[in-house]
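Positions are given from 1 along the sequence.
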Amino acid sequence: MSEPVSRRTPSTHIVPSYRTPLARILSLCSLLSVFALAPVPAHAELGESSAPVYSIESARAAHSLLIDIALAGKRLVAVGERGHILYSDDDGQTWVQARVPTRQLLTAVHFVDDKQGWAVGHDAQILVSKDGGATWAQQYIDVEREEGAPFLDVLFTDAQNGFVVGSYGALFVTRDGGETWEDASDLVDNPDGYHLNSIAQIKDSGLFIVGEMGVMFRSADNGETWETLEGPYEGSLFGVLGTREPGVVLAFGLRGNLYRSTDFGSSWEKVELKAASGNDLEYGLAGGNLLPDGSIVLVGHGGSVLKSSDDGRSFVVINRPDRLSLSSVAATANGNLILVGQAGAQLASPTGAKLGQQ
């Protein structure tokens, strides 16, 4: 285990090609896309580029590719391809398309309350909403950064302190609610520029990042310094979650690999996952959420839905008959699930099955 990392000279190492951070879903759908290597361009702030082009309204938006979903109070907000952001005030029965100043794919969304939220995606852009996801504005964009390489996840610990992670080792931080963003990528010891796929807040412990090639970083001081960890897995990790227990971390990724730590990442145990057939689950796990009732749901390739009621010690696994890839999940007020992914937003039972089924 290393000491906390301070600022360092940027790496000149060559960054390997990668199945793009659609990795949460597109690699799971066997839709491959590779970023070309490019020199790092000059930093570009919002205002230096041309005026945004708004996403096109589509009656099919709720059934097209969606990557992430979050709760804004009681409202559900989902983001996905072509700059689509949709919200529902009736537990996912119907969806309204928001006005969004981009047509690029959006990869993650996060709300701190029922009004204030952020979304991130391609063109290294950050969007903000102050009305529960109904309208959005650009806070940051850098279309020239690694040929528009995307941001992949966003987390705010409160209305002022926010973090964005992404491809080629991107870590951006704000301390003023997104009015300004600082490139803090050199705070993590990532000389090969591995993609950072997910960031989470761990109860009573701090912040945790996972990414390509199993890289892991943690911070006990709200992102001021970051410590590099020796992870349990050398394949890509697409997601990380905290549970309702202090210090407990779940990290998951390729081929059904899921690991649990009870000491904020100092040590790990593999969580065994069995499909309905009794065989080991080997589908990639793309995303998940800690639900309001304390249960944990993970989703992934092959229509995989995994649910835990014991803080991640064990999971019940189902694979939906359509086998369509899933990328994120949220709970409705009545305990049903909203699954998002390849087929858009789908209403499901509390186990992830089709409504009316177990």
(message) Keeping T174 on the side-chain end and T180 on the backbone end, is there a donor-acceptor pair under 3.5 Å?
(response) yes

(message) One pair to check against side chain to side chain contact (heavy atoms under 4.5 Å, CB included): N190 and M213. What are the steps and the verdict?
(response) CA-CA 11 Å; N190 186 16; M213 297 298 293; over 6 Å; no

(message) Take a 6.0 Å sphere around CZ of R82 and say whether it holds more than 12 heavy atoms from other residues, nucleotides or ligands.
(response) no

(message) Let me confirm one number: the CG-CZ distance from L76 to F111, rounded to the nearest 0.5 Å.
(response) 10.5 Å

(request) Compute whether any side-chain donor of one residue and acceptor of the other, for R218 and S266, lie under 3.5 angstrom apart. (result) yes

(message) Would the distance check show the side chain of S198 and the main-chain N or O of G239 forming a donor-acceptor pair, the cut-off being under 3.5 Å?
(response) no

(request) Could you list all the salt bridge (charged side-chain N to carboxylate O under 4.0 Å, His left out) pairs where at least one residue sits in residues 267-291, not counting sequence neighbours? (result) R255-E282, K274-D280

(request) Take D322 and K354 through the side chain to side chain contact (heavy atoms under 4.5 Å, CB included) test and state the conclusion after the steps. (result) CA-CA 10 Å; D322 60 18; K354 186 176 179 180; over 6 Å; no

(request) Return the minimal non-hydrogen interatomic distance between Q346 and L326, and the atom names on each side. (result) NE2-CD2, 4.0 Å

(request) Output the distance between atom CD1 (I141) and atom CD1 (I126), rounded to the nearest 0.5 Å. (result) 10.5 Å

(request) Kindly work out whether a path of hydrophobic side-chain contacts (I/L/V/M/F/W/Y, heavy atoms less than 4.5 Å apart) joins V109 to F163. (result) no

(message) A side-chain contact here means heavy atoms from C-beta on lying under 4.5 Å apart; do V215 and D192 qualify?
(response) no

(request) Look up atom OG1 in T351 and atom CG in N336, then write down how far apart they are to the nearest 0.5 Å. (result) 9.5 Å

(message) Taking the side chain as everything from C-beta on, heavy atoms only, tell me whether D176 gets closer than 4.5 Å to Q160.
(response) yes

(request) Check the pair L105, L65 against side chain to side chain contact (heavy atoms under 4.5 Å, CB included), reporting the backbone distance first and the verdict last. (result) CA-CA 9 Å; L105 184 139; L65 177 66; 4.1 Å; yes

(message) Quick check: closest heavy atoms across L71 and P292, and the distance to 0.1 Å?
(response) CD1-CG, 4.3 Å

(message) Contact between I56 and R103 at the side-chain level, heavy atoms closer than 4.5 Å - yes or no?
(response) yes

(message) Is there a side-chain contact between V299 and L337 in this structure, where contact means two heavy atoms from C-beta onward sitting under 4.5 Å apart?
(response) no

(message) Determine whether a donor-acceptor pair (N or O, by modelled atom type, separation under 3.5 Å) exists between the side chain of Q342 and the backbone of L324.
(response) no

(message) Starting from V240, can I reach V248 by hopping between I/L/V/M/F/W/Y residues whose side chains sit under 4.5 Å apart?
(response) no

(message) With rounding to the nearest 0.5 angstrom, report the CG to OG1 distance, D68 to T107.
(response) 8.0 Å

(request) Using modelled atom types only, decide if a donor and an acceptor are shared between the side chain of S327 and the backbone of G287 within a distance under 3.5 Å. (result) no

(request) Check the angle between the aromatic planes of H110 and F156 and answer parallel, tilted or perpendicular using the 30° and 60° thresholds. (result) parallel

(message) Hydrophobic clustering (ILVMFWY, side-chain heavy atoms < 4.5 Å, transitive) - are L306 and Y283 grouped together?
(response) yes

(request) Determine the minimum heavy-atom distance between N197 and D153, stating which atoms define it. (result) O-CB, 3.7 Å

(message) Can you list everything that forms a side-chain hydrogen bond (donor to acceptor under 3.5 Å, both in side chains) with D114? Sequence neighbours excluded, please.
(response) none

(request) Give the C-alpha distance, both sets of side-chain angles, the deciding distance and a yes or no for side chain to side chain contact (heavy atoms under 4.5 Å, CB included) between Y140 and V120. (result) CA-CA 9 Å; Y140 180 95; V120 299; over 6 Å; no

(message) If I compare all heavy atoms of V297 with all of L291, which pair ends up nearest, and what's the gap?
(response) CG2-CD1, 3.6 Å

(message) I need the S328 OG to I338 CD1 distance, nearest 0.5 Å.
(response) 11.5 Å

(message) Quick one: does any side-chain atom of N289 pair with a main-chain N or O of V329 as donor and acceptor, under 3.5 Å?
(response) yes

(message) So does G302 get a backbone contact from the side chain of N319, meaning a donor-acceptor N/O pair under 3.5 Å?
(response) yes

(request) Taking atom CZ of R99 as the centre, report whether more than 12 heavy atoms of other residues, nucleotides or ligands fall under 6.0 Å from it. (result) no

(message) Looking only at the side chains, is there a donor atom on one of N161 and T157 sitting less than 3.5 Å from an acceptor on the other?
(response) no

(message) Is the shortest side-chain heavy-atom distance between F264 and E227 below 4.5 Å?
(response) no

(message) Does any part of the side chain of I296, heavy atoms only, come nearer than 4.5 Å to the side chain of F315, both counted from C-beta?
(response) yes

(message) Would you say H195 and S167 are linked by a side-chain donor-acceptor pair, where the criterion is simply a distance under 3.5 Å?
(response) no

(message) Any heavy-atom pair between the side chains of L196 and L152 that's under 4.5 Å?
(response) no

(message) Taking V128 as the starting point, is it possible to reach F172 by hopping between hydrophobic residues whose side chains are less than 4.5 Å apart?
(response) yes

(message) Quick check: closest heavy atoms across A72 and G132, and the distance to 0.1 Å?
(response) CB-O, 4.2 Å

(request) Using atom types as modelled and distance alone, determine if a side-chain donor or acceptor of R244 lies under 3.5 Å from a backbone N or O of D311. (result) no

(request) Kindly say whether W136 contributes a backbone atom to a donor-acceptor pair with the side chain of S129 at under 3.5 angstrom? (result) no

(request) May I ask you to decide if P350's main-chain N or O and K307's side chain share a donor-acceptor pair within less than 3.5 Å? (result) yes

(request) Report the residues that fulfil side chain to side chain contact (heavy atoms under 4.5 Å, CB included) with E57, sequence neighbours left out, ordered by chain and then residue number. (result) Q97

(request) Determine whether Q93 and L347 make a side-chain contact, defined as any pair of heavy atoms from C-beta on separated by less than 4.5 Å. (result) yes

(request) Tell me whether L66 is reachable from V77 by hopping between hydrophobic residues (I, L, V, M, F, W, Y) whose side-chain heavy atoms are closer than 4.5 Å. (result) no

(request) For residues A345 and W95, report the shortest heavy-atom separation together with the two atoms involved. (result) CB-CZ2, 3.7 Å

(message) With rounding to the nearest 0.5 angstrom, report the CH2 to NZ distance, W118 to K130.
(response) 8.5 Å

(message) Please check this pair: side chain of Q139 against backbone of G177, looking for a donor-acceptor N/O pair closer than 3.5 Å.
(response) yes

(message) Checking side-chain polar atoms at under 3.5 Å, does D89 have a donor or acceptor matched by the opposite partner on Y87?
(response) no

